[in-house]
Amino acid sequence: MLRIECPNCGPRDHDEFRYGGDASVVRPVHDDADFEAWYRYVFVRENPAGPHREYWQHVMGCRQWLVVGRDTRNHEIAAVRSAREPRA
Amino acid sequence: MADGSNIPGFEMAAYDCAIVQFEGWDGAMAQFEAELKRMLGGPLPNKVGDTARYDDGLVVRIAPRRFWLLCEGPPPIIDVDAELGCALPLGEGRIRLRVSGRGLRHVLERCVAVDWEALGDGRAVQTGLHRTPVLLLRRSGVECDLLVPRSFSKGLAEWIADASAACT
Amino acid sequence: MRGYSAISILRNGLAGQRYWPRAWRAPDPKPVYDVVIVGGGGHGLATAFYLAENHGIRNVAVLEKGYVGGGNVGRNTTVIRSNYLLDGNTQFYEFSMKLWEGMSQALNFNVMFSQRGMLITAHSADQLDGFGHRASIMRLNGIDADILDRHEVRELVPYLDFSETARSPIHGAILQGRAGTARHDAVAWGYARAADAHGVDIIQSCEVTGFVRDGERIVGVETTKGKIGAGKVGLAVAGHTSVLGQKAGLELPIESHVLQAFVTEPVKPLVHQIVAHGTEHFYVSQSDKGGLVFGGGIDGYNSYAQRGNLAMVREVAEAAVALMPCISRVRILRHWGGVMDMTPDASPIICLTPVDGLYLNGGWCYGGFKATPASGWCFAHTIATGQPHPLSAAYSLDRFRTGRTIDEGGVGPFAWLQ
Amino acid sequence: MRRLHEGGRIDRSQRIEFTFDSKALTGYRGDTLASALLANGIGLVGRSFKYHRPRGIYSAGPEEPNALVTMGTAGRREPNLPATTVELADGLVAESQNRWPSLKFDIQSVNGLFAPFLSAGFYYKTFMGPTRRAWMFYEHFIRNAAGLGRAGEEPDPDRYEVRNLFADVAVIGAGPAGLSAALAAGEAGARVVIVEQDFLAGGTLLSKPADGQASAWLSGTLARLASMPNVSVMTRTTVFGVYDSNVLGLVERHGSGTIDPEIGSARQMVALLRARTIVYATGSIERPLTFDNNDRPGIMLASAARIYLNRFAVLAGTRVVVATDNDSAYPSAFDLAAAGVEINIVDSRAEPMPVLLEQSRRLGIAVRRKSLISNASGGQAVRAVTVSEPGGTVTLECDLVVVSGGWSPTVHLTSHLCERPVYREDIDAFVPGKLRAGHFAAGAVTGGFITAGAIEEGRRVGTEAATFCGATNFAQPSFSLNLAEINAGNNDSRHAHLFGAAKDGSPSRRPEHPLSRRSAERWFGNRKAGLPKDKAFIDLQMDVTVGDIVLAHREGYESVEHLKRYTTLGMGTDQGKTSNFRALSAMAGLRGMTVPEIGTTTFRPPYTPVAVGALAGRSQRHHYKPFRRTPMHDWHVANGAQMLETGVWMRPWFYFASGRNVDEAYLAEMRMVREAAGLMDISTLGKIDVQGPDAAEFLDRVYVNAFSKLPIGRARYGVMLRDDGIVFDDGTTTRLGERHFFMTTSTAKGPDVLSRLEFLLDTAWPDLRVSVTSVTDEWAAMSVAGPKSRDILAAAFTNLDVSNKALPHMGQLEANYRNRPLRIIRLSFSGERAYEIYAGASVGKEVWCRLIEAGVPFGLKPYGVEALGALRVEKGHVAGPEIDGRTTLDDLGLSRIAGKRNGYVGAVLGRREALSDPARPRLVGLQCVEPGKRLSGGAILFRPGEPMQGHGLGRITSVTYSPTLDAWVGLGLFARNAAEEGSDMVATHPIKGETVRARIVSPMFLDSKGERLHG
């Protein structure tokens, strides 16, 4: 069980959230026609054994999408911010 | 934590529940909140989970840019400046389960992963109850409201009743 | 290799087990090999064995950072089946099944392959129709498959929940009679022993820390036991493919996720087949020691930690009792996690890579164990001939670019949902 | 073996009746099953796993490897319970395991004779012939021989609970360290939960005489903790696992014959304790000694003998041999001597502490130094031991042998988060590795084996833990300790080892060789030697002997994990709590390495086995997952609908009013819709309110087709793709206003679509001012479809103008019904003129009934999902079976709606080369051309004459009998380059044994011009 500190709702069990995958990939603008950019955004993953920036949505709570900094080796969470806040 | 006593006096009742949702646009929140304050005629809760009471209801901040106005009676018609945000009546989709009794804590700890003792009276928590999103309003140490989706309400009421049966 | 047999058991028994040799040698690495396989798991060891057995390439080293069989081959739920739907998967996994059927004899090591049959319950008429389609595809590809109705399922596994109060009533099931289980450690040891007998060097506690290049080409590996030259290098490190792949400059569509497994205390025979819940994350079989071995879905977030979370433990337990009420009182003895390579279509990767001299075998998601022999067979072919084996040609790395993905679940490019 | 007349912590006023192997016995409240059996003179309680050797009671705790029993019957049958952890209760029924016909005479004990051939891993080397499937034959017998106890096949009738707890400080273990940590943290004002698996708090203090000072401190501390509202002491509760983010898994049990109100009517309750800090005070477990036949009943751990004596007032023997390689066995010897039994101490060390020798002499105990037990004799009870000492060997007759091979700190829980334990040379044991911030350890688990030290350490970490949580109130404890007393002053000889040990701060034991010196010479001296005939056990439960370990080493299975997996060491229900360390040091010895060099195995949760049902809690049977019910649910049930689960929703499948079974009913319901009208509950559709200045722009991006040009009051069918260009979901969206839209999704995808829309707004396009909210529960939705639908609508809502002019196809009107919202959108899924009526959920049933009533004259009746599906097949609409997560817009024949647009989700990757492969299947219509035969969904399509093998050219996805065409029709996906309309194909379904010719036709089987929809 992970406990994720939702910036809006406080610490909650991770099963209140919906996982959204790697948050370090950059989504091309909606009308970008560059195949390579979309291919990399959708498929290529760094998949680090270590610090990982990832999306979680607090679906049982405020429904906000969050960016969580978590170590994939020990699951320790370093930071959580709202996805709407500019990247640190 | 253990009070060792059995748990009589658990009650649950279901009511309809009129809600109006207000949402402000990213970047226009200050104006939006000012506008909403004016229209509601009172202060707005600051943090998600905070509530503010009005003569005709309760305002809960359910997300950074979202408020719910919970009305006892029919909801007021409030038009929001479309440049600042929007309003959406949600009067039909939820049921208000009022649960109370000395055994409330025991029942809740079997239903939600919420630290009831650390939750102040009048506070609201959105959480999961048997895999379903609900809004829990603490009214007192022995009473709370659960706003649950209508389609789940029958199942969740059974689930809660079952929990109360288990700890008496 | 001194043969294993009832006779050798008797002779050694009388001789106080005096004459058993090592199952495989513990050699020091040579300076250079024709082929270096990175990863002493089932797939790596099988690859080494088939390189020698099928292609006569014996100057081979298998480098293992820990002990052989310490990865997913030693921590999975040992289910072996070939009940796949999609072109590409169907033939590959059936070929694997055929290799399983002769494995103990081929390796002279009893891997205890037990074809107990596997059934997956259907919980709606639509799902049963879907199973009918899958079973039809299997039959048209020469694979045994049957559809059971509710009563036939009840005959076979009476202890499932057929009561009125069942949350999702059982409508029927799809059955593959030839599916089964095997002793997972024995698979790793059997391949290690057989490969060793062919002259393959199995080098444990030897972690690969980097690659040696000659221009663009990879000509060896840096290890904790020094530099080792190689004509060709094959990666078979599922779970950690990204970590090593990046050292070699590969960009991969892989995420690592944890899949949990559970074993209960040993009880007398109760579950005679492999039984899987058709709509929830739960499947169970019983080991020869008596423990009920079961598993669920992946925990659902990127992880390299070989342990799972309690929420999934509870989810699996709920599904277990929902399908099989009598399991309620049986007690879980141990639960643990394995690190999976999850791909965007839940299908594996066996291919040549953009990097000259480097070959890739990974992306096994949670299906790696059953594929062990076919994976080794096809990967050995790919390394030896420089051409993909016809049976694994579909498992290319560029299928995500071209759109030739093989998505059994139809889930899409969300590894954590696959 | 006998019960003493006084002493102990049992309540002699409460006799308890129980049975073991059908023999009626009595014990007292406060007994465990094990202590009661010993008190009744029963020493033989089980048979071992592999060799079926007679086994007795070896320990007094959860580490018990031998004394496993089965309790209960039928659905309540529970195997493999350690008698040492079972609290004695009235009417308790226990039976021994793994024996037939009886415990005393067990046929399979012949396995012992074949032992020479049943060495570790023998089964890997044989059973491979004569045939390939031979193993299945041998396996049958092996499976039946294995498996310890038998589980019930009936459903478990009992109830389980799961609850959620929160605390500042979670203390694991209520021994001296834990209690004093809880006290300190509690006094500091922190919220404390202290958890103890035993039914009494006290830990090692309970093994000391009940009249000593330690007991005084215990009762004082417990009283103090009970008085603190912020401290909760949970006995009979096991912490089975420590998980990420300080979540602890606890399992709570009832007391014997009492109901714990916290648990209520449940049999067991799992508690998920979310703690801010964790204090590990888990103590330590004594190690056995290894010698031949060291498994005989009557041989037990020294600490256990002391517990049975002091806590349960049970004397486990009268002629006792105490074998040890450390000081900690002496107090057991002294207490036993005080109880008046004859004692010999066999100490492997040259120089035990003088104070111990002095005390031994005073009590008339013979101490044999530099001596080892080499062999034990006796079958079902130990009779004598052979002791090899410097002078030679002597045989000592005895009925009880107590052994101590030192102590292993109970590090299991501390390593659940994969912090590996570290080896400490001075105590020859593993202690917790580096703990995470907010995790603390105190007492024996840290390797300090002194009660007084544990209490001091406990207080320190308790204070640290409280401080970590920000607790502030550090007033001097109102209840002070007298450590000098607890330290068991010099005059209290019974605590000599404490006092002695206190000298150098650690138990004064110098590790001898991990195995007895004799076995060392015998086996490690000569590596080529054969294995011995007699068995010296390392893992008592799994029957793993020294010989097995030597063999594993010889064959190269020498890494710790290989050793474990090859010999099955530590795989038993006790998870090797008493055997792991012994085995490690044995392998270390064989490899000529040190213990830390070869490392240790990983400890996995649970610490002790946990019932699957307890983890499932109340989520069982119909409560497994909640149902969703539409506002009209009760009406359907009351009006003869056969309900059907679709995901979480309950929907009407068909109505018995239409036919006796689904096949009859759906055809009648189809005809009704085509000829008159039908009413369908479509409340399960996902519904999303979309509004904001940028709503139209947003929809243009998420749908493949444009919505910005959609006029207000009009609806449009739309399709969404995933980023990879595969179809995600379809539905209709209606424009309610310039900036306001009403979106519907499929029933299944509703939540996923909403979450995806929120994802795009929060992460990709935060600049778009759009609000999306689920209104699925807001609206009751129903579709009235059929030629008569408009008349029915007009009759039901006389105040509304529903004429074709006012409400054309794809038109929408907003109204209200009794002050509740009412929305009517003219949409058709069936191909008939149809209207979707959305009413406020609270009046949904009313509106439904009103339509039914108004419809009666027109022949309106409800129809179910089976007919709905059939109608859409006739009309050629794609749905779930076609939108299967693998099909593209073009596969579904929908590319026209996207046209040449760009900039929508999935546009770019939707153009990947293989997605336009000419061999890719595309949607086709299929019509059965063989009279008397039918089409089946899932059939595979081939060209006539083609060999029917492989994956074919396509498949049939959905079928129905078409009353309109009087033929079986279906939709399918078929290779583009082979799909000529009018050509015949062969559809085969081997499972159903069907092969039938089907003609490829347009998917739109009726009204291709859409005349029925318009006008």
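What you see below is based on every heavy atom in this structure, not just the backbone, and it leaves out hydrogens, waters and symmetry mates. Just so we're clear, the structure is a prediction, and the values are computed from it rather than from any experiment. In what follows, every chain begins at residue 1, and chains take the letters A, B, ... in the order their sequences are listed.
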Seminar exercise, completed: Smallest heavy-atom separation, A:F43 atom then D:D724 atom, equals CZ-CB, 4.2 Å
Problem set entry | Under 4.5 Å from any heavy atom of chain A - which part of D:D752 | both
Exercise. Taking all non-hydrogen atoms of both residues, which atom of D:F759 and which atom of A:Y55 are closest, and how far apart?
Worked result: CE1-CD1, 3.6 Å
Exercise. Is the shortest heavy-atom distance from the side chain of D:E697 to the side chain of A:H30 under 4.5 Å?
Worked result: yes
For this session: Give the minimum heavy-atom separation between D:Y243 and A:M1, together with the two atoms involved.
Result: CB-N, 4.1 Å
Exercise. With side chains defined as the heavy atoms from C-beta onward, is the minimum distance between D:T763 and A:R27 less than 4.5 Å?
Worked result: no
Exercise. With a 4.5 Å heavy-atom cut-off, do A:E76 and D:R436 have their side chains touching?
Worked result: yes
Problem set entry | Part of A:R18 lying under 4.5 Å from any heavy atom of chain D | side chain
Problem set entry | Minimum heavy-atom distance between A:F35 and D:L909, given as atom pair plus value | CE1-CD2, 3.7 Å
Exercise. So, the side chain of D:D244 versus the backbone of A:L2: is there a donor-acceptor pair under 3.5 Å, distance only?
Worked result: no
Problem set entry | Best-contacting candidate, A:D31, A:D13, A:I77, A:I4, against chain D by heavy atom pairs under 4.5 angstrom | A:D13
Seminar exercise, completed: The reported gap from CZ in D:R756 to CD in A:Q57 (rounded to nearest 0.5 angstrom) is 10.5 Å
Problem set entry | Chi angles and distances behind the side chain to side chain contact (heavy atoms under 4.5 Å, CB included) call for A:R3, D:N246 | CA-CA 8 Å; A:R3 296 276 288 171; D:N246 290 2; over 6 Å; no
Exercise. Is there a side-chain contact between A:R63 and D:L754 (heavy atoms, below 4.5 Å)?
Worked result: yes
Problem set entry | Rounded distance (nearest 0.5 Å) linking atom CG of D:D723 with atom OH of A:Y39 | 14.5 Å
Exercise. If you count heavy-atom pairs under 4.5 Å with chain A, which of D:N164, D:L417, D:V247 comes out on top?
Worked result: D:V247
For this session: Could you have a look at D:E758, D:R912, D:R722, D:R911 and say which one has the most heavy-atom pairs with chain A under 4.5 angstrom?
Result: D:E758
Seminar exercise, completed: All heavy atoms of D:P766 vs all of A:R84, minimum pair found to be O-NH1, 3.3 Å
For this session: Considering only heavy atoms and a distance below 4.5 Å, find which of D:L761, D:N902, D:V905 pairs most often with chain A.
Result: D:L761
